[in-house]
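Report on one structure; see the data block that follows.
Values reported hereafter were calculated over all heavy atoms of this structure, with side chains retained and with hydrogens, waters and symmetry mates removed. Letters go in sequence order (proteins before strands), and every chain restarts at 1.
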There are 2 protein chains.
Amino acid sequence: MNEKNQLARPFALPVPTIRRYPVYLRCINEMIAAGETHISSAVVAERLGLDPVLARKDLAMAGVPGKPRRGYPAAELQAAITAALGWDDSTNAVLVGVGSLGNALLGYSGFKEQNLSIAAAFDASPRIVGRTMHGVRVHPMEDLPRLVKRLKTRLGIITVPNAAGQSCADRLVAAGIRGIWNFTSVRLAVPDGVIVQNVDLAQSLAVLSHAISGRH
Amino acid sequence: MNEKNQLARPFALPVPTIRRYPVYLRCINEMIAAGETHISSAVVAERLGLDPVLARKDLAMAGVPGKPRRGYPAAELQAAITAALGWDDSTNAVLVGVGSLGNALLGYSGFKEQNLSIAAAFDASPRIVGRTMHGVRVHPMEDLPRLVKRLKTRLGIITVPNAAGQSCADRLVAAGIRGIWNFTSVRLAVPDGVIVQNVDLAQSLAVLSHAISGRH
DNA sequence: TAAATATCGCTATTGACATACCGATATAAA
DNA sequence: TTTATATCGGTATGTCAATAGCGATATTTA
């Protein structure tokens, strides 16, 4: 029973756990930088303000055996979580739609931590095509299939206006993309096997404004 | 039993429902623009690709009585959802941290739909203070408490580097802010009564990269 | 060497949301 | 006027994640 956990994980990680992993990872990195060799789930929980039991379960799911009274081996835990997130290998992405938001993402330096690099950008406007923004060349939409295949890109980022969202998704899927990071407000229809992750600012703002409006 | 629903809602709306409301609202707006006077939950569900039962329950929670075989009265449903989201009154917000992401948000035109306007921006860098970005003046951090009080702002947007996130939150809370839209990766510690909504790109990317890395 | 203790790891319970089912009713057609 | 039907409204069930509790074990200390 115990060995199975270490060798192969037959069960999938819960999505909420995966969403918390980047937070843990940042905390673990800080502790390693501070010279720690072992990570205690209780310490992590306290630093992050989380329930100790939750942190313990999340860290345990990484599959690294921990030792009582010491915690988890820091380097191994860090490597396991990084691998679970798919951040150990560098990932090439393409970005479609170089408006203000797309431009901001091109200039965002935080993606280095996730080994993510935006290899190419695309836009429909001839006024932007050909320019280089934050070191990334902007190509015409016609070049998308060819470049996606050449760069072996599996991840596409959509930062176009809502009206163009679905057609962009279709082009990316046709080009062989496996995951879409969707910054538009439209629900994208994609075939099975293609993962869509939505970053809808309106949804996020909804919870906030509902709460501070004070009517409930 | 039925009357209670219309007058006062003793139960809170589920957060997932609130998060879906902007999507419904956009769909309803489109249908009204197309001349519809009644909104059927089944039609909405099909247009959005959602489970019909889920859409029916969500729309029912708005508190507007619907009629069998017709659906919900379009204008009333639109008004009720808009009110539930707190988007009927215009909201003033302040933005802290005019980097690439902050700048993108200042230039984002989509907030009109939510009656949200960014009234002032703040930054610590003297190179940016005093400039006007997308029609919004950038003030020094020292002016934050005074301006927040004068503008009666309840919502603060944090787009600073991670290291400065907590201190910004503290300043906003001290100035009387009630809700924080947090675009940094740090978990903000705030007193009870202050709502924080996180837009952590790393968390969102985590689910994507885990899925397309293919190890599960 | 032996006892005390902190931490891991497993199992059970709780709670919330999504889903399924069924009755009630207003509209439309015959 | 009567029947058929589509949609709303409420109740019940299932599923998944968060929480709680408890036993196992390695380290520390006396």
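- Rounded to a whole Å, the CZ atom of A/Arg56 is 10 Å from the C1' atom of D/dC22.
- At the heavy-atom level, B/Arg20 lies under 4.0 Å from the strands shown only through sugar-phosphate atoms.
- The CG-P distance, from A/Leu50 to D/dA20, rounds to 14 Å in whole Å.
- Atom pair B/Leu59:CG and D/dG10:P shows a separation of 14 Å (rounding to whole Å applied).
- Side-chain contact, B/Asp58 with B/Thr17: a donor N or O sits under 3.5 Å from an acceptor N or O.
- Note: CG (A/Asp51) to P (C/dT7) measures 15 Å, nearest angstrom.
- Spacing between atom CZ of A/Arg19 and atom P of D/dA17 amounts to 13 Å, rounded to whole angstrom units.
- To the nearest angstrom, C1' of D/dT27 lies 11 Å from NE2 of A/His38.
- In this structure, A/Val15 and A/Pro68 both approach DNA chain D, and ranking their closest nucleotides by distance from the 5' end singles out A/Val15.
- Residue-to-nucleotide contacts include no donor-acceptor pair under 3.5 Å from the side chain of A/Arg69 to the base of D/dT28.
- Contact annotation for B/Ser41: backbone-only contact, meaning every heavy-atom pair under 4.0 Å involves sugar-phosphate atoms and none involves a base.
- When only modelled atom types and interatomic distance are considered, B/Gln78 and B/Asn29 share a side-chain donor-acceptor pair under 3.5 Å.
- In this structure the side chain of B/Thr159 reaches within 4.5 angstrom of the side chain of B/Leu95, judged on heavy atoms.
- The CG atom of A/Leu85 lies 11.5 Å from the CG atom of B/Leu208; values are rounded to the nearest 0.5 Å.
- Across C/dC8, D/dT7, C/dA20, the shortest atom-to-atom separation from the side chain of A/Tyr72 is found for C/dC8.
- With hydrogens and angles ignored, no donor-acceptor pair closer than 3.5 Å exists between the side chain of B/Arg70 and the base of C/dT27.
- Note that CD of A/Gln114 is 13.0 Å distant from OG of A/Ser90, once rounded to the nearest 0.5 Å.
- Checking C/dA18, D/dG9, C/dG9 against the side-chain heavy atoms of B/Pro16 singles out C/dA18 as nearest.
- Rounded to whole Å, atom P of D/dT7 lies 16 Å from atom NZ of B/Lys67.
- Of the residues near DNA chain D, A/Lys57 and B/Lys57, the one whose nearest nucleotide (by heavy atom distance) lies more toward the 5' end is B/Lys57.
- Per the geometry, CD1 belonging to A/Ile39 stands 14 Å off C1' belonging to C/dT7, to the nearest Å.
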